[in-house]
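A short write-up of the structure that comes next.
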Amino acid sequence: MKWKRHESYLEILPPKEFDFKECLVFLGRSSQEVLHQIKAGSVYKLLKIKDETILLKISGSSPSILIEFPIQFPSSNTYEEIAEYIWEWFDFDQDLNGFYQAASKDEMLQSLIAKYKGLRVIGIPDLFEALTWAIIGQQINLGFAYTLKKRFVEQFGESLTFEGDTYWLYPSYEKIAQIRVEELRGLQFTRRKAEYIIGVARAMANGKLTKASLLQQKEYQPIKKSLMAIRGVGAWTADYVMMKCLQIPDAFPIADAGLHQALKLQLGLKQKPAIEEINVIAANWENWRAYATFYLWRSLYESNK
DNA sequence: ATCCAGGAACTGT
DNA sequence: ACAGTTCATGGA
């Protein structure tokens, strides 16, 4: 991880294969997003580290990323954790040359990379957020998923208002561990989703589920198995979390409806491909299937709202 | 109206 | 192990 602390800002020095503007497109994909805002090419995001709540203004200043602090500066031992969060969020540990090389054998990926070069898997470093956001999104359209997330965040998260804009933190598992199913039903969560989400919160509050213990397992299958042992987490959610939170570049949510739609459009198919066909299509994506998926998702919001 | 959404658990065989 | 059903709601 490379970063420098300056007098009034923090500078992150990303790897060469990175395009801040491409990542901004992803971050701006939903007008209903509540966990960050984009204004004049900068991303504003509230972050809580230990007991410090800090507003970040994140800007691209090629080749660096600059982090400013519109409200107040963090305490000096918090800078490193902020840099770490940003590093993880933009997945800077991956060397995308591997992906670009793997894609040289695949015409479709090559064309996506030509369009979106420098796009990285924008992650969800917080395990509770990653798991519950995935659960929220199960089997509903993305627009409604964002509606539910907004209600959830605005009901149970902390917020801070600065110069007329309100910034939100995702609800903590400590808080959600204490609520009742009915409170989520009132926000139009299904009963089952409410149970899953509260269950995840309680497992984390008990210390039975942590990001560190998942990552300790190193290998793909054991991690996936541990995730799928959680009620509400099937193969799709496990792969989604491995991709977005555990930064496993080969995680592959093969049953994903968006992936199927993107493949159909990119390959000009008459209908969406079956799982067996996707395995054939993805034969050359080895080690980079999360990136292939992410670039395919990107292709779906060419003209988004 | 009917089908599908960035699925998963449950039930019956 | 496998297939069919249920959950619940919004959008096209």
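In this text, all values refer to a predicted model and were calculated from it rather than measured experimentally. All values below come from the heavy atoms of this structure, side chains included, with hydrogens, waters and symmetry mates left out. By convention in this document, chain letters (A, B, ...) are assigned in the order of the sequence lines, proteins followed by strands, and residues within each chain are numbered from 1.
- In this structure, of C:dT9, C:dT6, B:dG7, it is C:dT9 that holds the atom nearest to the side chain of A:Phe144.
- Atom CZ in A:Arg191 sits roughly 17 Å away from atom C1' in B:dA8 (whole-Å rounding).
- Annotation: the span from A:Asn206 atom CG to A:Lys208 atom NZ amounts to 4.5 Å, rounded to 0.5 Å.
- As judged by a 4.0 angstrom heavy-atom cut-off over every strand, A:Gln138 is placed among residues touching the sugar-phosphate backbone only.
- A:Arg231 places a side-chain heavy atom less than 4.5 Å from the side chain of A:Tyr196.
- A:Thr237 comes within contact range of the sugar-phosphate backbone alone, with a heavy-atom separation under 4.0 Å but no base atom that close.
- Relative to the side chain of A:Arg185, the nucleotides B:dC10, C:dT9, B:dG7 differ in distance, and C:dT9 lies closest.
- A straight line from CD1 of A:Ile230 to C1' of B:dA9 spans 15 Å, rounded to a whole angstrom.
- Separating the CG atom of A:Leu187 from the P atom of C:dG10 is a distance of 13 Å, rounded to the nearest angstrom.
- Toward the 5' end of DNA chain B, the nearer of the two residues A:Arg192 and A:Tyr146, judged by each one's closest nucleotide, is A:Tyr146.
- Separating the CG atom in A:Asp126 from the CD atom in A:Glu88 is a distance of 10.0 Å, to the nearest 0.5 Å.
- Residue A:Arg231 places at least one side-chain N or O under 4.0 Å from the OP1 or OP2 atom of B:dC10.
- Through side-chain heavy atoms spaced under 4.5 Å, either directly or across other Ile, Leu, Val, Met, Phe, Trp or Tyr residues, A:Leu66 is tied to A:Tyr9.
- We find that CG of A:Leu148 is positioned 14 Å from C1' of C:dG11, with the value rounded to whole Å.
- Between B:dA8 and C:dG11, the distance separating the two P atoms is 23 Å to the nearest Å.
- Rounded to an integer number of Å, the gap from CD of A:Gln188 to P of C:dA8 is 12 Å.
- Heavy-atom distances to DNA chain B give each of A:Met228 and A:Asn141 a nearest nucleotide, and the one nearer the 5′ end belongs to A:Asn141.
- Residue contacts shown for A:Ala134 are absent, as no nucleic acid heavy atom lies under 4.0 Å away.
- Think of A:Ile71 as one node in a network of Ile, Leu, Val, Met, Phe, Trp and Tyr side chains linked at under 4.5 Å; its network also takes in A:Tyr44, A:Leu46, A:Leu55, A:Leu160, A:Phe162, A:Tyr167, A:Leu169.
- In this entry the distance linking CD of A:Gln139 with P of C:dA8 reads 13 Å, nearest Å.
- Residue-level contact check: A:Phe189 touches neither bases nor backbone, having no heavy atom under 4.0 Å from any strand.
- Put simply, CD on A:Glu182 is 12 Å from P on C:dA8, counting in whole angstrom units.
- Following rounding to the nearest Å, A:Ile140 (CD1) and B:dC3 (C1') show an atom-to-atom distance of 16 Å.
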